[in-house]
Protein chains: 2
Amino acid sequence: MSIIFSRECEYALQSVTYLARTKQGEKISIRELARTLKIPRHFLAKILQRLTRKGFLISAKGPTGGFALSMPAKDITLFHIVDAIDGLAFANSCVLGFRECSGKHPCAVHDQWGEIRDTLYEMLVSRNVSQMGAAMKKPEYEAAGN
Amino acid sequence: MSIIFSRECEYALQSVTYLARTKQGEKISIRELARTLKIPRHFLAKILQRLTRKGFLISAKGPTGGFALSMPAKDITLFHIVDAIDGLAFANSCVLGFRECSGKHPCAVHDQWGEIRDTLYEMLVSRNVSQMGAAMKKPEYEAAGN
DNA sequence: TTAATTTAAGACAAAACAGTCTGATATAAA
DNA sequence: TTTATATCAGACTGTTTTGTCTTAAATTAA
Ligand code: FES
Ligand code: FES
């Protein structure tokens, strides 16, 4: 069970961060990405295609083909990716599931949740995937960029 | 789409908080709870039964039957309910979906997420459902306890 | 030109989640 | 005792999410 992002979004964030570590101009295939990040291959394909249509990636077919970021890694934030995949419903939804979340009729944890939500929001907008790539200490990322 | 709790858990939290506002000894029927909180009736029935089996509620059949808290409202925290329904996976899972979450091989947002998670954890353990009931400013709760 | 490789696209399947329905059982009151 | 009302239990259905498969189209290189 995922926490706040869908599986699809988690995979997207992992993948884009991986691409952020590659050399300028280098293309990564679905096969490599799926193998190193242990993501179901065809599921990943759909996710990358979606990110391509959204304009975050460029793709190339044929041998030597693959995916790469369409813009500098520092111009893409977590927020952009989350928005593209999951949407931003979390930003104004009640954590207890009530239909409305507003200060007018707050639920019992509205204020505390508001702080958490703001911190989360800050985390998403303040970090670009270039920083993400550098900060990632997972072993599967070590090989990238070689 | 729910944020961090499942629909079932959201409904459970809403319901238990509602029960926390009722007078000592008063029993609330599934029908009333479902109507005022706008929760599907049979789905709610299963949730309340589950909470009963877990020991948080007592139930009574027949006319004048219904549900009530099995213990003082101040002895039940959000944490108890979340644990009973969703489990505590959120407390040690990676927000980016990696298999392991640990300081040994942290993902790029491990530290920031750690703070958010701690705040969330604090919110769950520090608030009991008696306080919750009092703090709830939703119109559907106004009728309770009359 | 042909063969190999890679993405594109969408149908399909499996699993998880949410919600529904029915019959049984217990209880209170007429 | 009978009737009405409520929970109990579990099977069932529908929806969303997640994952799989197949074919087509594009591209590279032999
Ligand atoms: S009303 Fe519940 S979080 Fe705002
Ligand atoms: S490793 Fe990702 S949150 Fe800890």
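Sequence lines set the chain letters: A, B, ... in the order given, protein chains first and strands last, and positions in each chain run from 1.
- DNA chain C is contacted by B:K61, B:G62, B:P63 of residues 55-63 of chain B, taking any non-hydrogen atom closer than 4.0 Å.
- B:I3 places a side-chain heavy atom less than 4.5 Å from the side chain of A:W113.
- Spacing between atom NZ of A:K38 and atom P of D:dG19 amounts to 15 Å, rounded to whole angstrom units.
- Sorted by first then second residue, the side chain to side chain donor-acceptor pair (under 3.5 Å) pairs that include residues 86-108 of chain B, not counting sequence neighbours, are B:S6-B:D86.
- Taking atom NE2 of residue A:H42 and atom C1' of nucleotide C:dT6, one finds them 12 Å apart after rounding to whole Å.
- Per the geometry, CD belonging to B:Q49 stands 13 Å off C1' belonging to C:dA26, to the nearest Å.
- Judged by atom type and distance alone, B:K46 reaches the base of C:dG19 through a side-chain donor-acceptor pair under 3.5 Å.
- Within the 4.0 angstrom heavy-atom criterion, only backbone atoms of the sugar-phosphate kind lie near A:I30; the bases stay farther away.
- Counting all heavy atoms, side chain and backbone alike, A:M132 lies closest to B:L96 at CE-CD1, 4.0 Å.
- As rounded to whole Å, 9 Å separates atom P of C:dA18 from atom OH of B:Y11.
- In this entry the distance linking CZ of A:R31 with P of C:dA4 reads 15 Å, nearest Å.
- By the 4.5 Å heavy-atom criterion applied to side chains, A:Q14 and A:E140 are not counted as neighbours.
- In this structure, A:R53 reaches the sugar-phosphate backbone alone: every heavy-atom distance under 4.0 Å involves primed, P, OP1 or OP2 atoms, never a base.
- A:V129 has its side chain out of reach of A:T77: every pair of non-hydrogen atoms, C-beta onward, lies at least 4.5 Å apart.
- We find that CG of A:L51 is positioned 14 Å from P of C:dT7, with the value rounded to whole Å.
- Mapping B:I28 and A:F5 onto DNA chain D by nearest heavy atom places B:I28 at the nucleotide closer to the 5' end.
- Comparing B:F43 and A:G65, the nucleotide of DNA chain C nearest to each residue sits closer to the 5' end for A:G65.
- For A:I47 and C:dT7, the CD1 to P distance is 14 Å, given to the nearest whole Å.
- For the pair A:V82/A:L13, a side-chain contact is recorded, criterion being any heavy-atom separation below 4.5 Å from C-beta on.
- Summarising the geometry, the separation between CZ on B:R41 and P on D:dT5 is reported as 12 Å, rounded to the nearest angstrom.
- You'll find that the side chain of A:S29 is closest to C:dT6, out of D:dT7, D:dT20, C:dT6.
- Side chains of A:E8 and A:R50 form a contact here, defined as non-hydrogen atoms less than 4.5 Å apart.
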